[in-house]
Chemist: 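One structure follows; several queries about it will come next.
Since we're looking at a predicted model, the values are computed, not measured. Just so it is clear, the values below take in all heavy atoms, side chains as well, and ignore hydrogens, waters and symmetry mates.
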Amino acid sequence: MLLDFLTSYAWIVWLALILIFVIIEVTTLEFTFLMLAVGSLGGLISGLASAPWWLQVIIAAVLSLLLLFVVRPALLRALKRGADPAKSNVEALIGLTGVVTNDYSGNASHVKLANGDTWTARRDDHEALVEGQRITVTAIDGATAVVAPVERTAS
């Protein structure tokens, strides 16, 4: 009974899988589910050519695996080839210089970086920062810039 159903209505299952995979691909944009959708399309085509359901599954699986390991890496390389090489977000802050704008008696001080941002900062060696001191960002820890004096980083 179940085998008769699979044989008769496998094309509906393939169409549903293709639709699900395409919807997921649109939200993830990483080409994984696109490859699975194309593999399912291979299963659908083999089903329309009257292949048994088990052969349809094998064709879809093999086609999906081939696409995932052969075509997907090439597509990702081509997509990243034209990418902007400039650093962004936290990576862009590492190495920026700045000036301590005010110091506090506690651990945190404020620094104004060369890009115009003002950050809460602390020294990487946990020493006090002095107002007017030139610094370089060495790391970002949450919402705090970890900095070192320029004199120490220049040597």
Side-chain angles (χ1 to χ4, degrees), residues 10-47 53-54 56-155:
W11 64 274
I12 295 173
V13 174
W14 290 121
L15 284 176
L17 282 174
I18 292 168
L19 181 64
I20 290 169
F21 290 148
V22 167
I23 289 171
I24 294 172
E25 179 62 36
V26 168
T27 61
T28 61
L29 298 174
E30 62 178 23
F31 295 130
T32 302
F33 288 96
L34 180 64
M35 301 301 122
L36 295 176
V38 174
S40 297
L41 181 64
L44 174 65
I45 292 170
S46 64
W53 65 269
W54 56 268
Q56 295 174 33
V57 171
I58 291 173
I59 290 171
V62 169
L63 185 58
S64 294
L65 287 174
L66 280 173
L67 291 169
L68 278 171
F69 292 114
V70 176
V71 175
R72 182 177 176 265
L75 282 174
L76 289 175
R77 275 193 304 275
L79 185 66
K80 292 179 182 174
R81 187 174 308 136
D84 185 10
K87 294 179 180 178
S88 64
N89 299 333
V90 172
E91 293 174 355
L93 297 174
I94 307 299
L96 274 180
T97 59
V99 177
V100 178
T101 57
N102 55 4
D103 51 358
Y104 294 111
S105 57
N107 295 5
S109 297
H110 286 126
V111 295
K112 184 159 185 114
L113 300 178
N115 66 358
D117 290 346
T118 300
W119 280 73
T120 302
R122 66 173 167 80
R123 279 184 53 167
D124 55 356
D125 57 4
H126 300 286
E127 296 291 323
L129 290 167
V130 180
E131 189 171 339
Q133 184 178 24
R134 304 233 353 112
I135 51 88
T136 301
V137 178
T138 58
I140 300 294
D141 182 19
T144 303
V146 180
V147 299
V150 170
E151 300 81 29
R152 200 178 86 198
T153 59
S155 51

Chemist: Do Arg123 and Pro149 come within less than 4.5 Å of each other through their side chains, counting heavy atoms only?
Modeler: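 With C-beta onward as the side chain, the pair touches.
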Chemist: Kindly give the heavy-atom pair with the smallest separation between Ser64 and Gly39, and that separation in Å.
Modeler: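 Heavy atoms only, the tightest pair is OG-CA, 3.2 Å.
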Chemist: Indicate the atoms forming the closest heavy-atom contact of Ile135 with Val111, along with that distance.
Modeler: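 Residues Ile135 and Val111, closest heavy atoms: CG1-CG1, 4.0 Å.
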Chemist: Mind listing the closest non-hydrogen atom pair of Asn115 and Leu93 along with its distance?
Modeler: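 Minimum heavy-atom separation between Asn115 and Leu93: ND2-CD2, 3.6 Å.
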Chemist: Which heavy atom of Glu25 sits nearest to which heavy atom of Thr32, and what is that distance?
Modeler: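 For Glu25 and Thr32, the tightest heavy-atom pair comes out as OE1-N, 3.4 Å.
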Chemist: How many angstroms lie between CD1 in Ile58 and CH2 in Trp53, if you round to the nearest 0.5 Å?
Modeler: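 These two atoms lie 9.0 Å from each other.
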Chemist: Would the distance check show the side chain of Thr101 and the main-chain N or O of Lys112 forming a donor-acceptor pair, the cut-off being under 3.5 Å?
Modeler: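 Side chain of Thr101 to backbone of Lys112, a donor-acceptor pair under 3.5 Å: no, none is there.
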Chemist: Would Thr28 and Glu30 count as having a side-chain donor-acceptor pair, cut-off 3.5 Å?
Modeler: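 The criterion, which ignores hydrogens and geometry beyond distance, is not satisfied for Glu30 and Thr28.
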Chemist: Test side-chain contact (heavy atoms from CB on, under 4.5 Å) on Leu79 and Phe31; report intermediate values, then the result.
Modeler: CA-CA 11 Å; Leu79 185 66; Phe31 295 130; 4.1 Å; yes
Chemist: Hey, what do you get for CG (Leu17) to CD1 (Ile12), rounding to the nearest 0.5 Å?
Modeler: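 Those atoms lie 12.0 Å apart.
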Chemist: Answer whether the closest heavy-atom distance between the side chains of Val100 and Val130 falls below 4.5 Å.
Modeler: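 The answer is no, as the side chains (C-beta and beyond) never meet within the 4.5 Å cut-off.
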Chemist: Mind running side-chain contact (heavy atoms from CB on, under 4.5 Å) on Trp119 and Val147 for me, showing each step along the way?
Modeler: CA-CA 11 Å; Trp119 280 73; Val147 299; over 6 Å; no
Chemist: Any chance you could measure Leu36, atom CG, to Ile24, atom CD1, to the nearest 0.5 Å?
Modeler: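 These two atoms lie 9.0 Å from each other.
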Chemist: Considering residues at least two apart in sequence or located in another chain, which fulfil the side-chain contact (heavy atoms from CB on, under 4.5 Å) criterion with Leu65?
Modeler: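 side-chain contact (heavy atoms from CB on, under 4.5 Å) list for Leu65, sorted by chain: Phe69.
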Chemist: Kindly give the heavy-atom pair with the smallest separation between Leu44 and Leu15, and that separation in Å.
Modeler: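 That would be CD2-CD2, 3.8 Å.
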Chemist: Return the CD1 to CG distance between Ile18 and Leu34, rounded to the nearest 0.5 Å.
Modeler: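 Spacing of CD1 (Ile18) from CG (Leu34) equals 11.0 Å.
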Chemist: Between CZ of Arg122 and CG of Asp141, what distance do you get to the nearest 0.5 Å?
Modeler: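 If we round to the nearest 0.5 Å, Arg122:CZ and Asp141:CG are 5.0 Å apart.
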Chemist: Looking at every heavy atom in both Ile59 and Gly42, which two are closest together, and how far apart are they?
Modeler: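 Where Ile59 meets Gly42 most closely, the heavy atoms are CG2-O, 4.0 Å.
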Chemist: Taking the side chain as every heavy atom from C-beta outward, state whether His110 and Thr120 have any atom pair closer than 4.5 Å.
Modeler: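 In short, these two side chains touch, coming nearer than 4.5 Å.
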Chemist: When you measure from the side chain of Thr138 to the backbone N and O of Val146, does any donor-acceptor pair fall under 3.5 Å?
Modeler: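 Yes, Thr138 side chain to Val146 backbone: donor-acceptor pair under 3.5 Å.
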Chemist: Please report the interatomic distance CZ(Phe33) to CD1(Ile20), rounded to the nearest 0.5 Å.
Modeler: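 Going from the CZ atom of Phe33 to the CD1 atom of Ile20 covers 10.5 Å.
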